[in-house]
Amino acid sequence: MSDIIVRVVTRLMIPYLQLYGLYIILYGHNSPGGGFAGGTVIASSLILYVLAFGIDDEDLRLSPSVARIIESCGALAYVGIGLGGILLGANFLSNKAAGFPLGIPGRVFSGGTIVLLTVSIGLKVASTMITLFVNIAEKEGEEES
Amino acid sequence: MDNLFYAMVFIIFLTGFWIMLRQSNLIKKIIGMNIMESAIFLFLVAIGYVKEGSAPIAIDANPGLAYVNPLPSALILTGIVVSVSVTAFALGLTVRLYQHYGTMDVDEITRMRSEEL
Amino acid sequence: MRIALEVVTLIVIGALLLMVAQEMPAFGDPANPVHNEVSEFYLENTQEETGVQNVVAAIITDYRGFDTLGELTVLLTAIAGLLAVLRS
Amino acid sequence: MITAHIMPLTILLPLVGAYLILLVGSKYRLFARNAALAITGATFAMVCYITYLVSSHGKMSYYLGGWAPPLGIELRADPITAFLLLTFASVSFFVVLFAYDILPGEIKGKVVTRYYALYLVLLGSLLGIVLSNDFFNIYVFLEISSIAAAALVAVNGDKLAMEASIKYLVMSTLGSGTVLMGIAGLYMVTGYLNLDFLAGALPQAYANYPLTVSMTLGMLTVGIAVKAALFPLHVWLPDAHGSAPTSSSAILSGLVVKVYIAVLLKLLYRVFPLDFLAAMPLQGSLLVMATLGIFIGSIMAIRQRDIKKMLAYSTVAQIGYVFLGIGLFSEKAMVGAIYHVFSHAVMKSMLFLSAGLLIKYSGKRTIEDLSGLGRIYPIPMVAFSVGALSMVGIPPLAGFMSKWYLGWGALEANQLPFLLVLLVSSLLNGFYYLPIVIGGFFKPAAVAIKEEKIPLGAQISLLVLIAATFFFGLFSNIPVNFLTPTVQGIFNAFGGGI
Amino acid sequence: MTLVHFLLLLFLVVCAFFVGRTKDLISAVIVFSAYSLTMALLWQQLASPDVAITEAAIGSGVTTLLLFAAISRTRRME
């Protein structure tokens, strides 16, 4: 895995991949896409990085504890936004009924809670996919914190 | 033969089912599982399809078009993620079983276990 | 013997399914039962009700958001299970 | 505020607990342990509150996101649901209480926190399956429960358990794939996913597409039968339940198998009209498979020397009873089936927990080596005996009452042979349970046993389960009176909503 | 159903059969990846771009990677 061409091309590609993933997440409610696809694209860019620069390089990897915190926080944020609906006097996971501003259709920040939910899904999916890959691929199961 | 589409989807489904039941190699079983599940998802999306329909996006901008049913697509998005989770967990188990037994073959593992007892 | 039995079973199930496929609502017909008031509501009112243009995104995060919560839980379960298995 | 939103909060509480445990991380084992105990306790309390609300106000509905069905997902609680919820929440609470001090000795180091997280996720998904009134939502929770259950089997790192776990995972994925195919078929011919709307649209759909609806029913039944381990699809169960850690076996055998039966109940009695079911060959095949399952499960259990394997095969037989009750299509048999879900959950978890404790102290897994333990460890042995006697169907115990109602149902449906099945199978149960009970108290000890103190949590939970077995045997009229009006409603209204 | 649908479905069937027949796990995974991409194309044809993107990213991306990772830790031939 020390091929120079692979490394250079990877370095060139990763920013674009991540930008594309972000685009898919943020415009998921106005064009095809959404949290799952975007999160996975971001995760694939990180997996590409891991593959090109070696899986055992400690400095380059998303630290397990960071991944763990993002995962749980993604899910907790989803629940929290849902509970926001209850606090505002409507049902769990309410959007318009709870009075979230819907904005102008077509903008990035439109659709009330939908953008927030999509972003939390995207974060969660990205960190989950990278964790799954790293854990299945790495040779020796070492203890995480 | 209007419903040849469904018939072929069922053939794929059965192929996946057969791979999953009959292949003794665990990786093959897992691939078969994915094939089976995506055949089901294809079936669901095909249910919601409308001839000459377009994707249910920006409907107010293009009135008068026929649109496909959006509900199956939304269900499938959930289903795909579920199937990748099952796949990941099953692969983890496969790797561990390989470390213990030195094989991924279910029949072989069963034989080795019955010899041990 | 066993293989023959399996093949026969598969062929029988396949033939049954093909027979059922003949009877199913026609593929792509707009008059099918699935294109009922539910999908019409989604298609017509999503923009006013949720303020987004992609109806599928509106369904997964708003109309049926609870499914998506279940899905995030599936991912979390997969990770917890995988780590429990791999680290044990 | 809590009252209005009690149903989603009940599902969310264990799930959020699991997220929090995973967030805090695997270093804080004590936190995970206490959090799991507190959360299962709180869930139990909330479920009690739901039961109170249902018994005083009748059915409850909750529209998630404020979208009324068929647009959104609906949660629904009625007496049968509340009874099942109570079963699941109470048994899982007592299993956690039991495992409070014992689990760290059984499961290695840092896996303990993940074990508790998986346990809570499993509990949340069970509650979700029972409460949800939307078919796809049920499917999502089914998948959560199958992954979590497979992980709970494999968590120990034992290679037998891992092999059992992957078998279990493959089989239950096959089952849920088939279920999803059935759901797709139902959606295809009706256009709804909500159970009530499905029930409303099905007669029309059946008139138009009879073959499709029949195929759908077949697929759903087969898929659920795989997951619920109905004979001959039970092959995965004995290994999985026999090789899992103690508390996993207890919850898997006691609860997880039952939740699929809850899905089948919803399906058969709320979605498909009864006259349609009567026209299908469903009843006959359910009854035959249930009977075969009862006999073969019992015979296999007699042949086992490993006590956990024996209990697992006994579960196969007991699942047969529940399917028998469902397949008889009579009011009393239905009450008996639901009651047996509860009593078997209590008895089987008690048996697995006490057997796990005895195995832990004697260090042996075979039946002969348990003899003589009753004098040194009275509480687990008494719990085992009470569970065993209740399984056999000795009168003042809960197991007797559920068999009583099943038998009454067989009489009511004019299916006398099944009364005989019940009697013979009770005899068979006696064959494999009674020798252990007698040996445990009256034979000398087979192996040298070290005397240890049983942790307090384990003692309390076993005592409560013993008391529950007696209480619900003596006062079976309380739950039966709670259930009967709803069941009567089903049979009077011919498929019109539980 | 159009000719495009038919050809894509035929390709899917062939891929599924090939996965069942081959002895080499790596080629099985590669064929599976092709299967997933075809599936994504088919979904695009069925006017579900959301599902198509997700399948392309998850089905033929991450699932294939996970399978390769697992094979790299075990062995290649059946």
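Chain letters run A, B, ... following the sequence lines, proteins first and then strands; every chain starts at 1. Worth saying up front: this structure is predicted, and the values here are computed from it rather than measured.
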* Quick one: CD1 on E:Ile71 to CE on B:Met104, what's the gap to the nearest 0.5 Å? -> 7.0 Å
* Side chain, backbone, both or neither: which part of B:Ile57 has a non-hydrogen atom closer than 4.5 Å to chain E? -> side chain
* Which atoms of E:Val29 come close to chain B, meaning under 4.5 Å heavy atom to heavy atom: side chain ones, backbone ones, both, or neither? -> both
* Distance (rounded to the nearest 0.5 Å) between E:Leu66 CG and B:Ile30 CD1 -> 10.0 Å
* Go through the steps to decide whether B:Ile11 and E:Leu9 satisfy the test side-chain contact (heavy atoms from CB on, under 4.5 Å), and finish with yes or no. => CA-CA 10 Å; B:Ile11 292 174; E:Leu9 275 170; over 6 Å; no
* E:Ala47 versus B:Val68, closest heavy-atom pair with distance -> O-CG2, 3.5 Å
* Structure fact -> Here the pair of heavy atoms bringing E:Ala16 nearest to B:Ile19 is O-CD1, 3.4 Å
* Asked: Do you know which of B:Ile35, B:Ile80, B:Val81 has the most heavy-atom pairs with chain E at a distance under 4.5 angstrom?
  -> B:Ile35
For chain B and chain E, what donor-acceptor pairs lie under 3.5 Å, backbone included?
residue: B:Gln23; atom: NE2; partner: E:Gly20; partner atom: O; Å: 2.9
residue: B:Lys28; atom: NZ; partner: E:Thr22; partner atom: O; Å: 2.7
residue: B:Lys28; atom: NZ; partner: E:Glu78; partner atom: OE1; Å: 2.7
residue: B:Ile35; atom: O; partner: E:Tyr35; partner atom: OH; Å: 3.3
residue: B:Ser38; atom: OG; partner: E:Tyr35; partner atom: OH; Å: 3.0
residue: B:Ser73; atom: OG; partner: E:Ser48; partner atom: OG; Å: 3.4

* To do: Looking only at non-hydrogen atoms, find the nearest pair between B:Ile31 and E:Val19 and report the distance.
  => CG2-CG1, 3.6 Å
* Asked: Once you round to the nearest 0.5 Å, how far does CG of B:Leu26 lie from CG of E:Leu25?
  -> 10.5 Å
* Measuring heavy-atom distances to chain E, does B:Leu42 have an atom under 4.5 Å in its side chain, in its backbone, in both, or in neither? -> both
* **Which atoms of E:Leu10 approach chain B - backbone, side chain, both or neither, heavy atom under 4.5 Å** => both
